[in-house]
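Throughout, a chain's letter reflects where its sequence line sits, starting with A, and its residues are numbered from 1.
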Number of protein chains: 2
Amino acid sequence: MARTDTVEEEATAATATAAARRGPGRKRDEATRHAILRAAYETLEAEGYGGFTIEAVAARSGAAKTTIYRWWPSKGALAIDSFLDLYQREAPFPQTRSASEDLKANLRLMAKIWGGRYGCIIAGIIAAGQSDAATIELYNERLVKPRREEGLRLLQRGIANGEFRPDIDIEAALDALYGAFYGRLLAWLEPLDPAWAERLCDTVLRGLMV
Amino acid sequence: MARTDTVEEEATAATATAAARRGPGRKRDEATRHAILRAAYETLEAEGYGGFTIEAVAARSGAAKTTIYRWWPSKGALAIDSFLDLYQREAPFPQTRSASEDLKANLRLMAKIWGGRYGCIIAGIIAAGQSDAATIELYNERLVKPRREEGLRLLQRGIANGEFRPDIDIEAALDALYGAFYGRLLAWLEPLDPAWAERLCDTVLRGLMV
DNA sequence: TCTTAAAATCGATACGTTTCGTATCTATAT
DNA sequence: ATATAGATACGAAACGTATCGATTTTAAGA
């Protein structure tokens, strides 16, 4: 395998720990790491999370199973690592219009993404996380927390704008807005689409009371 | 095993199909069925969903693995069957006070239940359902739908009462209110407790806008 | 500077383990 | 005759580990 010229190009928080140690010994082959991540994502996309096995990734990448286990502690960690870069690229937070418009745009986009092929992958990761604490913690750390932080800022901006009441419970609001995605994706098996997201947004923004 | 005196006492939708057939042949042993369901629930409670294996249930119940597979199509179906009766008993829908008060009471109770030992079991069932369509459909049919129906009626009552606006999107409102439980339970790993449920309820009822 | 030993990586293969779900077989009840 | 129950064995996945040889890198000693 040819050597990549951009060493450490995207060392992830999950796998960078061991790479930092320096001393005698052969260096980690970045091309192999790349091939594994790529094969992992391709497997996720082709087979879904059900067919995502370490053996399949090993076969597709040309790497040995041993090599995968040396660098990723579990199936779930590898899945998240392989999936995250692509996902982040597709889910930006708009910051242009009013806070409520930005919120609606974000919810619409998220519904579009979660309603597609990424939705199945996320569902698989969360399912795996129920019997693997490290996986769900990694999902939280790398996928949820950054976005929740953005959501928090968005609502704060809306309060500063005068769009939202200053006494709202921001955490509860985020729970209501984003929790609905989990219910529909994981349990209720109802479709996620932008039109629904818009109705959800309107409902929470306006409230139920007269 | 002693014979139970209440045959068909709680024939479930999931397992009643085969029991209806009549003709020559030995009758199904209700005591065995009971012992399996009981052992299944005990296993769930003792080991969590991770340790919930058919073999463990067989060992605990004294029944053969074959017998279990004859009557339950999958692990998930058995888990739901064993868990549901107990769960239903603990999660009633109040219908006394105002609609918003009843809603809050229900959310508080649900948070209490989901924050306890049932929460882990539900999480396990939903996780299993992600790779087993029959399981998640059964969960939906027997656990979600009846409660969602009650939630719908509650909101309709609130509209008739004059407590809620007549133009609210009931489905979206239920998504927001109950979806939050799934997010916190399955992905965000944040505690579910009555105080939080109350804040959630207030937030959705009042809305975010000024 | 050159050599050499230690350390770490990678691929290949083989295991041991768990768990699922099925197949057989015998005995028993209707 | 037919369906049920229990016992046991079996095959198939897939996980994660162990072991081995070959290769690459670093550090220390001559």
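- Closest to the A:Arg26 side chain, of the nucleotides C:dA8, C:dA14, D:dA5, is C:dA8.
- Contact between the side-chain N/O atoms of B:Trp71 and the OP1/OP2 oxygens of D:dA5 is found at a separation under 4.0 Å.
- Contact detail for B:Thr203 and A:Ala172: the closest heavy-atom pair is OG1-CB, 3.4 Å.
- In terms of polar N and O atoms assigned as donor or acceptor, the side chain of B:Thr66 never comes within less than 3.5 Å of the base of D:dA5 in a complementary pairing.
- In this structure, the nucleotide among D:dG6, C:dC20, D:dC15 sitting nearest to the side chain of A:Glu55 is D:dC15.
- Picking from C:dG11, C:dC10, C:dC20 the nucleotide with the shortest atom distance to the side chain of A:Arg28 gives C:dC10.
- Ring geometry for A:Tyr182 against A:Trp114 counts as perpendicular: the plane angle is over 60°, on a 0 to 90° scale with 30° as the lower cut.
- At whole-Å resolution of the value, CZ in B:Phe52 and P in C:dG21 are 11 Å apart.
- Among B:Thr43, B:Leu44, B:Ile121, the one residue that satisfies the side chain to side chain contact (heavy atoms under 4.5 Å, CB included) test with B:Ser82 is B:Leu44.
- One N or O donor and one acceptor, one from the side chain of B:Lys65 and one from the base of C:dG21, sit under 3.5 Å apart.
- If you measure from atom CD of A:Glu30 to atom C1' of D:dT25, you get 15 Å, rounded to the nearest angstrom.
- As a whole-Å value, the separation of B:Arg70 CZ from D:dT4 P is 6 Å.
- D:dG6 atom P lies 16 Å from atom OH of B:Tyr69, rounded to whole Å.
- Atom CH2 in B:Trp72 sits roughly 18 Å away from atom C1' in C:dT22 (whole-Å rounding).
- Spacing between atom OH of A:Tyr49 and atom P of D:dA14 amounts to 13 Å, rounded to whole angstrom units.
- A:Leu78 is listed as a side-chain neighbour of A:Ile54, based on a closest heavy-atom distance under 4.5 Å.
- In this structure, B:Thr53 reaches the sugar-phosphate backbone alone: every heavy-atom distance under 4.0 Å involves primed, P, OP1 or OP2 atoms, never a base.
- Across the interface with DNA chain C, nearest-nucleotide mapping of A:Ala64 and B:Gly50 shows A:Ala64 to be the residue nearer the 5′ end.
- Sequence order on DNA chain C of the closest nucleotides to B:Asp132 and A:Ile36 puts A:Ile36 first from the 5' end.
- For B:Ile54 and D:dC10, the CD1 to P distance is 22 Å, given to the nearest whole Å.
- When the P atom of C:dT9 is taken as reference, atom NE2 of A:His34 falls 20 Å away, rounded to whole Å.
- Neither OP1 nor OP2 of C:dG11 sits under 4.0 Å from any side-chain N or O of A:Ser61.
- The closest side-chain heavy-atom distance from A:His34 to A:Asp29 is not below 4.5 Å.
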